[in-house]
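Along the sequence shown, the residues carry numbers beginning at 1. Below, each value reflects all heavy atoms present in this structure, side chains not excepted, and no hydrogens, waters or symmetry copies.
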Amino acid sequence: GLNECTRGSATSCEECLLIHPKCAWCSKENFGSLRSVTSRCDLKANLVRNGCGGEFESPASVTQVLRSLPLSSKGSSDAGSDVIQMTPQEIAVNLRPGDKTTFQLQVRQVEDYPVDLYYLMDLSLSMKDDLDNIRNLGTKLAEEMRKLTSNFRLGFGSFVDKSISPFSYTAPRYQTNPCIGYKLFPNCVPSFGFRHLLPLTDRVDSFNEEVRKQRVSRNRDAPEGGFDAVLQAAVCKEKIGWRKDALHLLVFTTDDVPHIALDGKLGGLVQPHDGQCHLNEANEYTASNQMDYPSLALLGEKLAENNINLIFAVTKNHYGLYKDYSTLIPGTSVEILHGDSKNIIQPDHQCVQLYFSIRSKVELSVWDQPEDLNLFFTATCQDGVSYPDQRKCEGLKIGDTASFEVSVEARSCPGKHTEHTFTLRPVGFRDSLEVGVTYNCRCGCSAGQEPDSPRCSGNGTYVCGLCECNPSYLGSKCECQEGENPSGHQNLCREAEGKPLCSGRGQCSCSQCSCFESEFGKIYGPFCECDNFSCARNRGVLCSGHGECHCGECKCHAGYIGDNCNCSTDISTCRGKKGQICSDRGHCVCGQCQCTEPGAFGETCEKCPTCPDACSTKRDCVECLLLHSGSPADNQTCQNLCKDEVITWVDAIGKDDQEAVLCFYKTAKDCVMLFTYAELPSGKSNLTVLREPECGTAPNVTTILLIVVGSILLIGFVLLGIWKLLVTIHDRREFAKFQSERSRARYEMASNPLYRKPISTHAVDFTFNKFNRSYNGA
C-alpha cells in the first residue's frame with residue numbers, strides 16, 4: 001500500500017506524529033543526501049534503512065493503573081469496609097492521536113448486597129382500590145426481599161398533580177374537598193404535588209402504618225404529576241435516606257400517563273425545572289406550582305447520578321408508552337400492574353422479579369466523554385465469548401463477574417497541557433472508574449531547541465534535526481537571505497544540465513526550488529519535477545480511481561495493476577460454473593476472459609458450438625490405444641495423446657460413478673466403443689476403457705422375412721375376426737328389436753286388421769205400456 005507518512009509532506013516532528021500512528025520522525029542532523037530529499041517522516045523500518053539509526057521520535061499511547069482494589073464477594077460485610085463491585089477504580093492514559101490504548105475492567109454483582117426500595121404511589125382518585133389492596137404491602141414485600149438480602153429498607157411517598165388550573169380543581173368550593181359533587185366518592189383530600197411520607201427504614205410496621213393513613217385525592221385532567229415526584233425522590237438523598245453502599249430501587253406505580261416538560265405552560269409555568277431538591281420541613285414539594293415538569297433527559301441524568309433503578313409499575317393500557325420512556329431513561333424497567341394492584345403483593349410480585357432482572361445485567365455508561373476521544377468496547381460475559389462493540393452483559397447470576405475491554409483513541413491534539421477526565425460507571429451502581437487523559441503530541445527532541453544555532457548558520461533555531469530559519473533567511477541551513485540569488489546557486493535548482501530551473505514549475509531561491517501552486521493539484525519534489533495530477537487516466541478518472549498519482553506514475557491499490565490501474569487482478573469473475581478459468585478456452589486478463597479457442601465466446605468462454613467436447617478430445621487417446629493394443633508406451637503418438645490420462649482397462653463399463661462421463665463412438669467395423677472419464681484432483685483424467693468394442697452379429701434375412709409375412713397374416717386374421725364379431729353383434733341387435741315389436745302388436749295372427757264386415761247391427765231401446773196400448777215408436 002501507499003506510505004501515508006511520506007505523502008503527508010510533514011515539515012516538523014509534531015506534524016509527522018499527527019499523520020499516522022505508525023509514522024516516526026528522524027531527528028538525526030545529517031540525514032539523507034544533498035541531491036535528493038529524504039523524508040524525515042517515515043515508517044521506523046524505512047528510517048533505519050535510510051541511515052537514521054536509533055535517532056527517531058515515535059511515541060506510543062500508554063495506560064497506567066493508579067488504583068485497583070479487589071472485588072468484594074459479599075455485600076453485607078463488616079462495618080467500615082467498602083463493598084467493591086468494579087475494578088480498577090482509577091486509570092491514567094497518555095494518548096498519541098490515532099494510536100489506541102486498551103485496558104480491562106471487571107464488574108461483579110456481589111451476593112447479599114443491601115437494597116433500598118422507595119415505593120412511590122399515585123394517590124389520584126382512580127387508585128383508590130389499589131390503596132386498599134397494598135395496606136399490608138410492607139410485610140409481604142419485606143418477607144420476599146429478605147430471602148434475597150439480609151439488609152433491606154423500605155420507604156414510601158405519594159403524588160397527585162400540581163394544584164393549579166387546568167391540572168386540578170381550583171374553585172373555592174373544591175379547596176378542602178375536590179370530590180364534592182362526585183357521587184361515587186364524595187370525600188377526598190386536597191390535591192398535592194409530592195409528599196415524602198416515610199424515609200427508608202427497616203421497620204416494616206411503620207411502612208404499613210403510613211400506608212393505612214393515606215387517602216386519595218382528585219385532579220382535573222387525566223395525566224398525573226408523577227415525574228415531579230420521581231425527580232424529588234432521586235435528588236433529595238438525605239431526606240429519602242438513600243445509602244451509599246446499597247442497590248437503589250424506585251418503584252413508581254400509576255394507572256395513567258404522566259405530564260412531561262412544557263405541559264406546565266398550560267398553567268403558566270414557564271420556568272424549566274432546575275433539577276434540585278425542593279422539600280420543605282414537612283417533606284412536601286414546594287416548587288410544584290412554580291416550575292415546569294422535568295424533561296426525560298433531566299430525569300435520566302439525575303437517576304444516573306444517584307445510581308437509582310427506576311421501575312415503572314403501570315396498567316396494561318399504558319405499558320407501551322412507559323416502555324418507550326424506558327428506552328430513553330437508562331436503568332429503567334417496566335412491568336404491568338393489575339387494575340387493583342393485587343399482583344404487587346403476591347409472593348412472586350414484580351418487585352422481586354425485577355430485582356433479579358436488574359441484577360442479572362451489567363451495562364456500562366460513559367460520563368463526560370471528551371469530544372476528541374473515540375471509545376471502543378468489547379464485552380466478555382459469563383459464557384466466555386467476546387462480543388465486540390457491546391458494553392452490556394445479560395443473563396448473569398448474582399456473584400458472576402463481567403469483563404470489559406475498553407480501547408481509547410484520540411482523534412486530534414488539543415491545546416498544550418490539556419487534560420481531560422471521563423468516567424465509566426455501570427448503570428445503577430455506585431462504583432465507577434475514573435479515567436484521566438493526557439495527550440502526547442510533542443516530540444522529545446523539541447525540548448532541546450538551539451536558538452541561533454551554528455548548525456543553522458546562526459540564522460535559525462535547530463530543532464529535531466531541522467533548521468527553523470529566522471525571518472528573511474532561507475535554505476536547509478538558513479545560509480541564504482531573501483533577495484540574494486547568486487548564479488552559482490541556480491545550477492543546484494536544475495534536475496540535469498540544460499533543463500529549466502525547477503522544471504519550469506517553480507522559483508529558485510537560495511539553491512532551493514519553491515514550487516508554484518496549481519489549481520490541478522500539488523507540485524512537489526526537489527526540482528518541482530513531480531505532481532499528483534499528471535498520471536494516466538481511464539474515462540477521465542485519475543488512475544481509474546484505483547490508485548494514487550505519485551510523480552507522474554500511478555501507484556495502484558491492492559488488487560489492481562496497469563499504467564492507469566484499470567486492470568483488476570481478481571480472477572473470480574473469470575470462473576465458469578464448473579470453477580474453470582474461462583472454461584479452459586481462454587485467459588483471464590484484467591478480470592475478463594479473452595477466449596483463445598476458435599469459436600468460443602461468452603463472459604467465461606462458456607459458449608462454443610464448434611469446440612470439441614471432452615469425449616471428442618479423449619477419443620483420440622482411446623483410438624490410439626486400440627490401434628496399438630493398449631500400450632501407449634510402445635508408441636510416441638499415443639504417449640503424446642495420453643500424457644494427461646490414467647488408463648484403466650475393464651471388461652464391462654459400470655454406471656455407478658455419477659461423476660464419470662460416459663462416452664461412446666462407432667468404429668470403422670461398425671462396432672461401438674465405450675469408455676468413461678473423470679477429472680482427478682491432480683489435473684489428470686481417469687479413463688476407464690473397454691478391452692474390446694461391442695460388436696453385434698449380422699441379421700438373418702430369411703428369419704426377418706418370415707417374421708414380417710407372419711405378422712401381416714396374423715394382423716389380417718385378427719382384423720377379419722373383429723369384423724365378423726361386429727357383424728354378428730349387429731344382426732343380433734336387429735333380430736331382438738323385431739321380436740320386441742311383434743310382441744307389442746294388438747291384432748290376432750289369423751285376422752286382417754284392415755278387413756270390415758258388410759253387415760252392421762244396431763240396438764233400439766223401447767218401452768211397452770200394456771194398459772194404454774201405446775208403443776214407443778208406433
Side-chain angles (χ1 to χ4, degrees), residues 1 20-22 60-75 83-111 113 247 304 307 309 326-327 329-333 354-411 420-438 440 558:
H20 194 274
K22 293 185 178 181
S61 298
V62 293
T63 299
Q64 182 181 5
V65 178
L66 303 180
R67 185 161 56 94
S68 180
L69 300 177
L71 294 172
S72 302
S73 58
K74 294 194 68 175
V83 178
I84 307 299
Q85 296 189 98
M86 181 178 186
T87 189
Q89 293 79 38
E90 189 175 356
I91 280 179
V93 293
N94 184 257
L95 301 178
R96 173 183 173 178
D99 187 27
K100 292 181 183 178
T101 184
T102 302
F103 57 86
Q104 303 282 339
L105 64 90
Q106 294 180 323
V107 182
R108 176 186 296 168
Q109 294 270 23
V110 300
E111 298 178 6
Y113 195 63
L247 176 66
N307 311 314
N309 295 279
S326 69
T327 61
I329 305 176
T332 304
S333 305
L354 286 173
Y355 171 81
F356 283 109
S357 175
I358 291 170
R359 302 214 65 194
S360 67
K361 59 186 176 184
V362 171
E363 181 178 5
L364 292 182
S365 62
V366 183
W367 292 75
D368 304 322
Q369 178 180 346
E371 294 182 356
D372 59 344
L373 286 190
N374 290 330
L375 296 179
F376 307 92
F377 295 87
T378 299
T380 303
C381 302
Q382 190 61 23
D383 55 6
V385 180
S386 296
Y387 298 94
D389 301 323
Q390 181 171 314
R391 51 183 177 182
K392 182 178 182 180
C393 279
E394 295 182 311
L396 301 175
K397 297 179 181 178
I398 296 176
D400 289 344
T401 301
S403 299
F404 298 89
E405 182 180 89
V406 184
S407 297
V408 188
E409 178 188 23
R411 294 192 297 269
H420 289 131
T421 300
F422 68 92
T423 303
L424 297 177
R425 176 186 298 167
V427 176
F429 282 63
R430 174 189 63 84
D431 304 70
S432 63
L433 168 61
E434 186 174 293
V435 183
V437 182
T438 56
N440 193 349

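In this structure, Ile358 and Ser333 have side chains that are in contact, with non-hydrogen atoms separated by less than 4.5 Å. When side chains are defined from C-beta on, Phe103 counts as touching Val435, because their heavy atoms get closer than 4.5 Å. Inter-residue side-chain proximity for Arg391 and Val366 is flagged as met; some heavy-atom pair is nearer than 4.5 Å. Inter-residue side-chain proximity for Val437 and Phe422 is flagged as met; some heavy-atom pair is nearer than 4.5 Å. The shortest distance between side-chain heavy atoms of Lys392 and Tyr387 does not fall below 4.5 Å.
Judged as a side chain to side chain donor-acceptor pair (under 3.5 Å), and not counting sequence neighbours, the contacts of Ser386 are Thr380. Residues meeting the salt bridge (Lys or Arg N to Asp or Glu O under 4.0 Å) test with Arg430, sequence neighbours left out: Asp245. Scored by the ring pair (Phe, Tyr, Trp, His ring centres under 6.0 Å) test, His20 finds no partners at all (sequence neighbours excluded). With sequence neighbours excluded, the residues satisfying side chain to side chain contact (heavy atoms under 4.5 Å, CB included) with Gln106 are Leu71, Thr87, Thr401, Ser403. Annotation: side chain to side chain donor-acceptor pair (under 3.5 Å) contacts of Ser365 (sequence neighbours excluded): Trp367. Shown here are the side chain to side chain donor-acceptor pair (under 3.5 Å) partners of Thr438, two or more places apart in sequence or in another chain: Asn94. Here Ser72 pairs with Val83, Ile84, Val110 under the side chain to side chain contact (heavy atoms under 4.5 Å, CB included) rule; sequence neighbours left out. Residues satisfying the side chain to side chain donor-acceptor pair (under 3.5 Å) test with Asn307, not counting sequence neighbours, are none. Evaluation of the side chain to side chain contact (heavy atoms under 4.5 Å, CB included) rule for Ile398 yields Glu111, Tyr355, Arg359 as partners, not counting sequence neighbours.
Taking CG of Leu364 as the reference point, atom CZ of Phe377 lies at 6.0 Å (rounded to 0.5 Å). Taking CD of Gln89 as the start and OG of Ser68 as the end, the distance is 5.5 Å to the nearest 0.5 Å. Taking OG1 of Thr378 as the reference point, atom CD of Gln104 lies at 9.0 Å (rounded to 0.5 Å).
Just one of Leu433, Leu105, Val107 meets the side-chain contact (heavy atoms from CB on, under 4.5 Å) condition when paired with Pro426; it is Val107. When the options Ile91, Val93, Val62, Val406 are evaluated for a side-chain contact (heavy atoms from CB on, under 4.5 Å) with Thr101, the one that passes is Val93.
What you find for Gln85 and Gln109 is that their closest heavy atoms are OE1-CA, 3.8 Å. Between Val65 and Pro88, the closest heavy-atom pair is CG1-CB, 3.9 Å. Considering every non-hydrogen atom in both Ser432 and Thr423, the closest pair reads CB-CG2, 3.6 Å. Between Ala410 and Leu373, the closest heavy-atom pair is CA-CD2, 3.9 Å. Taking all atoms of both residues into account, the shortest heavy-atom contact from Glu409 to Leu95 is C-CD1, 4.4 Å.
Between the Glu434 side chain and the Thr421 main chain, no donor and acceptor come within less than 3.5 Å of each other.
No salt bridge links Glu363 with Lys361; every basic N to acidic carboxylate O contact stays at or beyond 4.0 Å.
Each salt bridge (charged side-chain N to carboxylate O under 4.0 Å, His left out) pair with one or both residues in residues 373-383, not counting sequence neighbours, would appear here, but there are none. Screening residues 377-409 for disulfide bond (SG atoms under 2.5 Å apart) gives Cys381-Cys393 as the qualifying pairs, with residues at least two apart or on separate chains. Note on residues 84-109: pairs passing salt bridge (charged side-chain N to carboxylate O under 4.0 Å, His left out), not counting sequence neighbours, are Arg67-Glu90.
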